[in-house]
Amino acid sequence: MDKILLHVGPTTIKEDVLIAGLENNIGFTSKEFVEAFSYVLKGLRYVMGVSKNYQPFIIPGGGTSAMESITSLLKPGDKVLIVSNGVFGDRWEQIFKRYPVNVKVLRPSPGYYVKPEEVEEAVRKENYKLVTLTHVETSTGVREPIKDVVNNIRKYVELIVVDGVSSVGAEEVKAEDWNVDVYLSASQKALGAPAGLGLLVLSPKAIATLESQDSIAGYYLNLKNWLPVMRSMEEGKAAYFATPPVHVILQLAEALKLIEKEGIENRVKRHSVVAGAIRAGLEALGLEIVARKPESYSNTVTGVVLKVAEPQKVLSETVNEGVEFAPGVHPAFKYFRIGHMGWVTPNDAVVAISVIERVLRKLGEPIKFGEGVKAVQESLSSAR
Ligand code: PMP
């Protein structure tokens, strides 16, 4: 049976994107590759909502390498505030603990988000050089109101960094209008390309910080080493610091072409329609969602809380029925996750809820059988 992938990344990859990586003789200094690289740099500005004032970066790795590269903006003893709504917010702490900086973490109760006023209170009390935020926390599906938080804290902190790994390509992202200094992401989620790339855009202020100091960063993830390559490639001149993942970059270029063809606003809307329909289905079944506050529901991830059924059993049974969901990773909940990002369609919402209904009934979870698909249909037809 063909499988529908409703995971949290890698997501479904279009054939055209896969095929774009099938090049058997392309050097990293070739004209074709430099063109693709340059195209991806420009495409990152498009999907992250920034103008030419911002400098894009493509580095090897993924979300975590992009996160760790933020050490390029820090000096020994700098104070960092981490706003963490879950496992991936906590990852910032794991990273910075390896470096000589002072870190504080602000956390809500599981399933909630840290409110803009709470972040403001923290940065008023103490002088932080840098604050990290997670736009969509993939472990809980909770969205942070980035624009409002930045509005509240902008005048108190030097640099604001946002992890947009689970938001770019599916949520509204206006990094420049919102006055964010670094907005970062990865290739494998809502952008619909294979895993392998960390992606960032840096504001003029972040670039000035990067250029002016000797940071605590190591060698490979030091953005100062990558900066000349980015500048040169965008101008169409090949440059080298370390070998880029050539074929994944070709694939991301193709994915960005498809995204531009769809139009980013249409893409965000599509995600919002599908996410809304999935949530409507779950609610009608009587299931609880991990994200506690409706204003923090995301377009990309929904955690489904289970009372009776074992999450692992749900995952294996649903795979047998042809749909692959993602396991839960937050220790506070017994749950699994539905990833609805990339090339997800309204029809996928119907299939997802239909499979969940059948499997949960079989596993003895108390649900209102039959009500889920009906609610999805209602939601989809009223969204049109
Ligand atoms: N941040 C968020 C919000 C994520 O969802 C993830 C990956 N799930 C990461 C960071 C880490 O990205 P990667 O696994 O690509 O290193």
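Whatever order the structure lists them in is the order used to number ligands and atoms, beginning at 1. No experiment lies behind these values; they were computed from the predicted model shown.
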Legend entry - Any Gln188 heavy atom less than 4.0 Å to ligand 1: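 Contact present.
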Which residue owns the protein heavy atom closest to [atom], what's the atom, and how far is it?
atom	value
atom 1 (N) of ligand 1	Asp163 OD2, 2.5 Å
atom 11 (C) of ligand 1	Thr64 OG1, 3.4 Å
atom 9 (C) of ligand 1	Phe88 CD2, 3.6 Å
atom 4 (C) of ligand 1	Thr138 OG1, 3.4 Å
atom 7 (C) of ligand 1	Lys189 NZ, 3.4 Å

Legend entry - Near-ring test Tyr46/Tyr39, centroid separation under 6.0 angstrom: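 Judged by ring-centre distance (under 6.0 Å), Tyr39 and Tyr46 do not meet the cut-off.
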Only heavy atoms of [X], strictly under 4.0 Å: list the atoms of ligand 1 that pass.
X	result
Ser166	5 (O)
Val136	3 (C)
Met67	10 (C)

Indicate whether the side chain of [X] and that of [Y] have a donor and an acceptor atom separated by less than 3.5 Å.
X	Y	value
Tyr113	Glu295	yes
Tyr335	Ser139	no
Tyr156	Arg124	yes
Asn53	Ser51	yes

Legend entry - Cation over ring face, Arg267 and Trp343, 6.0 Å, 45°: yes
Legend entry - Ile19, Val17, Val40, Ile13 screened by side-chain contact (heavy atoms from CB on, under 4.5 Å) with Glu254, the one that passes: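 Answer to the side-chain contact (heavy atoms from CB on, under 4.5 Å) test with Glu254 among Ile19, Val17, Val40, Ile13: Val17.
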Inset, instruction - With heavy atoms under 4.0 Å as the rule, classify the contact between Val8 and ligand 1 as side chain, backbone, both or neither. - result: neither
Legend entry - ligand 1-proximal atoms of Glu137, by part, heavy-atom distance under 4.0 Å: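 Neither; nothing of Glu137 gets under 4.0 Å from ligand 1.
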Legend entry - Over all atoms of both residues, closest heavy-atom pair of His271 and His340: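 Where His271 meets His340 most closely, the heavy atoms are CD2-O, 3.4 Å.
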Inset, instruction - State whether the shortest distance between N or O atoms of Gly63 and N or O atoms of ligand 1 falls below 3.5 angstrom. - result: yes
